[in-house]
Amino acid sequence: MSPESVDDLVKGSPRPPKDRLIRPLMLMLALLLSSCDPASGTHQRIEGETMGTSWSAQWHDAELDPAWLAAAMEARLEELNRSLSNWREDSEISRFNHGRAHEPMQVSEDLQAVLDAAQGTYEDSEGAFNIALAPLMRAWGFQGSGLPRRPEAAEVRSLLPRTDLSQLKWDSRARQLTKAIDELELDLSALAKGYAVDALSELLLEAGASNHLVEIGGELRARGHRPDGSAWRVAIAQPASLSLSAQPTVPLHNLAIATSGDYQQFFEQDGQRYAHILDPRNGRPARSSTASATVVAASAMQADALATWLMVLDTEDALALAQQRSLAVYLIERLDDGYRIRQSQAMRLLRDTHRGSGITKPGR
Ligand code: ADP
Ligand code: MG
């Protein structure tokens with residue numbers, strides 16, 4: 001019974017490393033506490049690289065060839081990148097970004113699913129979650145070739161109209177995407193990774209691995225249970241400088257988890273900290289004191305989008321929203337002299353459910 005190292009499932013960084021961006025090692029970590037149940041004997045694990053980070057999957061009680069499954073996963077990821085990647089010039093989303101106004105583009109089912117979620121979260125968040133921020137991300141040096149820097153206020157103001165998502169006409173039924181201004185560009189980074197996790201989980205399920213844990217860059221989805229019948233258990237990401245005596249964990253039974261943090265990509269200028277999640281209302285990095293937001297939801301895409309949205313809000317507002325909607329949310333709040341953990345009721349309940357025996361016995 002050797003507990004797998006918590007570092008094991010998190011290798012690499014969410015983006016190719018950039019100068020002057022400090023990226024502490026700790027991201028989302030998954031714990032496999034009992035990988036050696038003699039009864040199952042078929043626990044398998046595969047891994048690879050994608051989206052500037054790593055992916056991994058583990059499963060049991062299915063007689064699947066790991067090499068075959070890894071190839072199938074790679075093929076699916078390649079398909080997703082061809083559609084959703086902002087880092088590939090020839091992807092569907094990049095072609096849309098380079099395209100002209102008033103020329104409808106027919107999109108794939110994958111892009112349709114991501115756009116539906118993005119549009120829904122945009123409306124739900126009253127614009128706090130916005131996939132049209134690329135010009136501002138470049139201005140702040142978080143994307144593109146420039147170094148992170150604070151742009152002039154006038155530059156930020158001049159870019160805001162280009163990030164107006166109401167200039168996007170999305171007809172989901174017809175799967176048609178049209179922009180009303182040439183300059184509109186979509187950046188799916190805040191939820192594409194989550195969608196890819198869901199897609200890989202679907203693939204595993206279809207292949208017969210009904211008990212699995214799959215992860216890309218620290219965003220995870222769990223189905224079924226561990227070899228010993230207990231829920232999959234996942235460690236919550238935290239800044240390296242937050243040294244908790246015990247690693248906080250969440251049991252996941254047919255649920256997904258995502259974390260968005262301001263300590264993975266940021267720069268400091270004149271004593272002020274600027275992180276890569278922007279407040280679309282003013283075009284500046286979000287100013288909340290939340291260092292990270294972890295969300296448990298039914299799908300990884302939902303968790304991914306929610307985690308980013310919550311990072312834009314004040315810590316109190318994020319917590320109030322979580323309470324109001326019964327979302328399972330774990331926030332790490334930055335204080336002058338350290339950090340404070342803020343959990344929603346639903347998160348507390350979820351974490352308490354499997355405490356004690358730590359064992360659940362869902363029917364096989
Ligand atoms: P990561 O992709 O770094 O794991 P997130 O899921 O939080 O973390 O996504 C952050 C990315 O989302 C940023 O790099 C940027 O491309 C984009 N983004 C920044 N601010 C917002 C926002 N307010 N709404 C939607 N997307 C955003
Ligand atoms: Mg996100």
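Quick note: numbers below take in every heavy atom, side chains included, and nothing from hydrogens, waters or symmetry partners. Not measured: the values here are computed from a predicted model.
Nearest heavy atoms, Glu155 versus Ala139: OE2-CB, 3.8 Å. When all heavy atoms are compared, the tightest approach of Ala293 to Leu331 is CB-CD2, 3.6 Å. The shortest heavy-atom contact between Leu213 and Ala222 is CD1-CB, 3.7 Å. Ala256 and Ser299 get closest at one heavy-atom pair: CB-C, 3.5 Å. In terms of heavy atoms, Glu219 sits closest to Gly194 at OE1-N, 3.6 Å. Heavy atoms only, all atoms of each residue included: Ser125 and Tyr122 are closest at OG-O, 3.2 Å.
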Subject >> Residue pair Leu200, Leu77: steps toward the side-chain contact (heavy atoms from CB on, under 4.5 Å) verdict >> reply: CA-CA 8 Å; Leu200 293 187; Leu77 287 166; 4.0 Å; yes

**OP:** Decide yes or no on side-chain contact (heavy atoms from CB on, under 4.5 Å) for Leu136 and Leu160, but give the supporting numbers first.
**Re:** CA-CA 8 Å; Leu136 285 167; Leu160 277 171; 4.0 Å; yes

**OP:** Carefully, step by step, assess Leu204 and Met73 under the rule side-chain contact (heavy atoms from CB on, under 4.5 Å).
**Re:** CA-CA 9 Å; Leu204 281 159; Met73 307 273 264; 4.2 Å; yes

Subject >> Check against side-chain contact (heavy atoms from CB on, under 4.5 Å), Leu177 and Gln112 >> reply: CA-CA 9 Å; Leu177 193 60; Gln112 175 189 33; over 6 Å; no

Subject >> Stepwise side-chain hydrogen bond (donor to acceptor under 3.5 Å, both in side chains) check, Gln44 with His60 >> reply: CA-CA 6 Å; Gln44 306 269 23; His60 62 95; over 6 Å; no

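Linking Ile, Leu, Val, Met, Phe, Trp and Tyr residues whenever their side-chain heavy atoms come within less than 4.5 Å leaves Ile93 and Met137 in two separate clusters. Under the 4.5 Å side-chain heavy-atom criterion for ILVMFWY residues, no single connected hydrophobic cluster contains both Leu205 and Leu203. Under a hydrophobic clustering in which Ile, Leu, Val, Met, Phe, Trp and Tyr are joined whenever their side-chain heavy atoms come within less than 4.5 Å, directly or via other members, Leu319 and Ile236 fall into different clusters. By the rule that hydrophobic residues join a cluster once side-chain heavy atoms approach within less than 4.5 Å of another member, Phe129 and Val312 end up as members of separate clusters. Under the 4.5 Å side-chain contact rule for hydrophobic residues, Leu278 and Leu168 do not share a cluster.
In this structure a side-chain-to-backbone donor-acceptor pair under 3.5 Å is missing from Asp270 to Gln272. Judged purely by atom type and a 3.5 angstrom limit, Asn130 uses its side chain to pair as donor or acceptor with the backbone of Thr163. When atom types are taken as modelled, the side chain of Lys179 and the backbone of Phe96 share a donor-acceptor pair closer than 3.5 angstrom. Under a 3.5 Å cut-off, the side chain of His212 and the backbone N or O of Ala209 do form a donor-acceptor pair. Looking at Thr121, its side chain does come within 3.5 Å of a backbone N or O of Ala117 through a donor-acceptor pair. Checked by atom type and distance alone, the side chain of Glu103 never pairs as donor or acceptor with a backbone atom of Thr178 at under 3.5 Å. The main-chain N or O of Gln345 is found under 3.5 Å from a side-chain atom of Gln323 such that the two form a donor-acceptor pair. With Asp182 contributing its side chain and Ala101 its backbone, the two residues share a donor-acceptor pair below 3.5 Å. Ser344 contributes a side-chain N or O that, together with a main-chain N or O of Leu327, makes up a donor-acceptor pair within less than 3.5 Å. Here the side chain of Ser288 pairs a donor or acceptor atom with the backbone of Leu313 at under 3.5 angstrom.
For the pair Arg273 and Phe266, the cation sits on the ring face: its NZ or CZ lies under 6.0 Å from the ring centre, inside 45° of the axis.
Taking 4.0 Å as the cut-off between side-chain N and carboxylate O, Arg150 and Glu268 do not count as a salt-bridged pair. Salt-bridge formation is detected for the pair Glu79/Arg76: a Lys NZ or Arg NE/NH1/NH2 atom is positioned less than 4.0 Å from an Asp or Glu carboxylate oxygen. For Arg175 and Glu92, the salt-bridge test fails: no basic side-chain N is under 4.0 Å from an acidic carboxylate O. Between Glu215 and Arg221, none of the side-chain N atoms (NZ, or NE/NH1/NH2) sits under 4.0 Å from a carboxylate O, so this pair counts as no salt bridge. A salt bridge links Arg334 with Asp262: the closest approach of a Lys/Arg side-chain nitrogen to an acidic carboxylate oxygen falls below 4.0 angstrom. A salt bridge links Glu202 to Arg223: at least one charged side-chain nitrogen sits closer than 4.0 Å to a carboxylate oxygen. For the pair Arg342 and Glu316, the salt-bridge criterion is met [side-chain N within less than 4.0 Å of a carboxylate O]. A salt bridge links Arg45 with Glu47: the closest approach of a Lys/Arg side-chain nitrogen to an acidic carboxylate oxygen falls below 4.0 angstrom. Asp90 and Arg82 are not joined by a salt bridge, as no carboxylate oxygen comes within less than 4.0 angstrom of a charged side-chain nitrogen.
Evaluation of the salt bridge (charged side-chain N to carboxylate O under 4.0 Å, His left out) rule for Asp124 yields Arg325 as partners, not counting sequence neighbours. With sequence neighbours left out, Trp140 forms a ring-ring contact (aromatic ring centres under 6.0 Å, His included) with Tyr274.
Residues Leu80 and Tyr195 meet the side-chain proximity criterion, which asks for heavy atoms closer than 4.5 Å. At a threshold of 4.5 Å between non-hydrogen side-chain atoms, the residues Gln143 and Asp187 count as touching. Between Thr290 and Leu310, every side-chain heavy-atom pair lies at or beyond the 4.5 Å cut-off. The shortest distance between side-chain heavy atoms of Pro285 and Asp279 does not fall below 4.5 Å. Side-chain contact between Ile257 and Leu252: present, with at least one pair of heavy atoms (C-beta onward) separated by less than 4.5 Å. A 4.5 Å side-chain heavy-atom check between Asp116 and Trp170 finds at least one atom pair inside the cut-off. Counting heavy atoms from C-beta on, the side chains of Leu255 and Trp232 never come closer than 4.5 Å. Proximity of His98 to Glu185: side-chain heavy atoms (C-beta onward) are nowhere separated by under 4.5 Å.
A distance of 11.0 Å separates CD1 of Ile341 from CE of Met347, quoted to the nearest 0.5 Å. Summarising the geometry, atom OG1 belonging to Thr294 is positioned 10.0 Å from atom CD belonging to Gln343; distances are rounded to the nearest 0.5 Å. Rounding to the nearest 0.5 Å gives a distance of 5.5 Å between CG of Leu188 and CD1 of Ile131. Distance check: Thr315 OG1 to Glu333 CD gives 4.5 Å after rounding to the nearest 0.5 Å. Considering CE of Met51 and CD1 of Ile216, their distance stands at 5.0 Å, rounded to 0.5 Å. One distance of note links CG of Asn97 with OG of Ser91; it measures 7.5 Å at 0.5 Å rounding.
Using a 3.5 Å distance cut-off with no hydrogens or angles, the side chains of Ser108 and Asp110 do not pair a donor with an acceptor. A donor atom on one side chain and an acceptor atom on the other are not found under 3.5 Å apart for Gln302 and Asp198. For Thr259 and Ser292, the side-chain atoms include no donor-acceptor pair closer than 3.5 Å.
Residue Glu109 places its CD atom among 12 or fewer non-hydrogen atoms of other residues, nucleotides or ligands, all under 6.0 Å distant.
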